Amino acid sequence: MAFKETVFINAPVEKVFAITTDFEHAPFIMENVVKTEKLTEGPMQVGTRVKEVRNIRGKEVDTVLVISEFIPNQKYTVKSENFGMTVEYQYRFLAQEIGTTVDFNGLIHTKGLKNALIKPLFEMILKKEDKDHLVKLKQYIEQHKE
C-alpha cells in the first residue's frame, strides 16, 4: 500500500463529495495538477473518464483517470494505468453530526519484475506529490463556504 490519509471537514457530506468528485477543483487541491478535462458525457459514474494534466519536474504529463467505483456521498475509486502500473485512489465519506470524515487509500499495483522493482520509488514519488491533498481539500472547502 502506498499511503493512507484521513481528514475531518466541517461541511456536509453532500458538499464534500460533490467537490471531491468534480475534477475541475483538482488544481486547487492537488499541488501538481495543472488542469483536468472530463472525457465522458453525462454525470459522474462508474466508467467516467477524466484527463488529468500534472506538472512533473517542469514537464506536463497526461493521465486518463477512470472511475471504477461510485456510490454518491459514500465512496468512489479512481484508477489510472501507465507502463504496467495501476494507481488506485479510494475515497470513503462518512457523514458526521457536524461535518464529514474522508478516508483515503492510495494503492499501486504492478505487472512484471521491472515494475515490481521500481514500485517503492514510484510509491515515494506519489506520496510526495499527493500526501497532503486531503488537508488541502479541507482548507479549500472550509474557506469556500457558500
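The model shown is predicted, which means the values in this text are computed figures rather than measured ones.
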Novice: Is it the case that the side chain of Glu142 and the backbone of Asn10 share a donor-acceptor pair, with hydrogens and angles ignored and the cut-off at 3.5 Å?
Specialist: yes
Novice: Is the shortest heavy-atom distance from the side chain of Phe23 to the side chain of Leu65 under 4.5 Å?
Specialist: yes
Novice: Which residues pass the side chain to side chain contact (heavy atoms under 4.5 Å, CB included) test with Asn55, sequence neighbours left out?
Specialist: Val34
Novice: Are Met30 and Val66 connected into the same hydrophobic cluster when the rule is that any two of I, L, V, M, F, W, Y join if their side-chain heavy atoms are below 4.5 Å apart?
Specialist: no
Novice: State, yes or no, whether a side-chain contact exists between Val87 and Leu107 at a heavy-atom distance under 4.5 Å.
Specialist: no
Novice: I want to check something: taking the side chain as every heavy atom from C-beta on, are Thr100 and Leu94 in contact at a cut-off of under 4.5 Å?
Specialist: no
Novice: Does any non-hydrogen side-chain atom of Ile71 lie less than 4.5 Å from one of Tyr76?
Specialist: no
Novice: Give every residue pair that meets the side-chain hydrogen bond (donor to acceptor under 3.5 Å, both in side chains) criterion with at least one member in residues 28-49, sequence neighbours excluded.
Specialist: Glu31-Lys136
Novice: Answer with yes or no whether the hydrophobic clustering places Val46 together with Tyr91; edges join I, L, V, M, F, W, Y residues whose side-chain heavy atoms lie under 4.5 Å apart.
Specialist: yes
Novice: Could you note down all residue pairs passing salt bridge (Lys or Arg N to Asp or Glu O under 4.0 Å) where residues 68-78 supplies at least one of them, sequence neighbours left out?
Specialist: Glu69-Lys75
Novice: Let me see the working for Val33 and Glu52 under side chain to side chain contact (heavy atoms under 4.5 Å, CB included), right down to the final yes or no.
Specialist: CA-CA 7 Å; Val33 175; Glu52 177 185 81; 3.6 Å; yes
Novice: Say you draw a straight line from CD1 of Ile19 to CD of Glu24; how long is it, rounded to the nearest 0.5 Å?
Specialist: 12.0 Å
Novice: Just grab all the ring-ring contact (aromatic ring centres under 6.0 Å, His included) pairs involving residues 34-60, residues at least two apart or on different chains.
Specialist: none
Novice: Run the salt bridge (charged side-chain N to carboxylate O under 4.0 Å, His left out) test against Lys79 and tell me which residues pass, sequence neighbours left out.
Specialist: none
Novice: Of all residues at least two apart in sequence or in a different chain, which pass the ring-ring contact (aromatic ring centres under 6.0 Å, His included) check with Phe28?
Specialist: Tyr140
Novice: Got a sec, which residues hit salt bridge (charged side-chain N to carboxylate O under 4.0 Å, His left out) with Asp62, two or more places apart in sequence or on another chain?
Specialist: Lys51
Novice: Residues two or more places apart in sequence or in another chain: which of them pass salt bridge (charged side-chain N to carboxylate O under 4.0 Å, His left out) with Glu5?
Specialist: none
Novice: Can you confirm whether more than 12 heavy atoms, excluding those of Glu14, are under 6.0 Å from its CD atom?
Specialist: yes
Novice: Roughly how far apart are Leu134 CG and Asp103 CG, rounded to 0.5 Å?
Specialist: 8.5 Å
Novice: Any chain of hydrophobic side-chain contacts (each under 4.5 Å) joining Val78 to Val53?
Specialist: no
Novice: Could you tell me which residues satisfy side chain to side chain donor-acceptor pair (under 3.5 Å) with Ser68, sequence neighbours excluded, listed by chain and number?
Specialist: none
Novice: What verdict does the side chain to side chain contact (heavy atoms under 4.5 Å, CB included) test give for Val50 and Leu39, after you've listed the backbone C-alpha separation in whole Å, the side-chain angles of each residue and the deciding distance to 0.1 Å?
Specialist: CA-CA 5 Å; Val50 176; Leu39 301 174; 6.0 Å; no
Novice: Between Ile141 and Val16, is the side chain to side chain contact (heavy atoms under 4.5 Å, CB included) condition met? List the steps.
Specialist: CA-CA 7 Å; Ile141 292 173; Val16 174; 4.1 Å; yes
Novice: Classify the ring geometry of His133 against Tyr89: parallel below 30°, tilted from 30° to 60°, perpendicular beyond 60°.
Specialist: parallel
Novice: By ring-ring contact (aromatic ring centres under 6.0 Å, His included), which residues pair with Phe70, not counting sequence neighbours?
Specialist: Phe17
Novice: For Gln96, check side chain to side chain donor-acceptor pair (under 3.5 Å) against everything at least two apart and list the hits.
Specialist: Thr101
Novice: Would you please test Thr20 and Asp22 for side chain to side chain contact (heavy atoms under 4.5 Å, CB included) and show each step?
Specialist: CA-CA 6 Å; Thr20 307; Asp22 181 348; over 6 Å; no
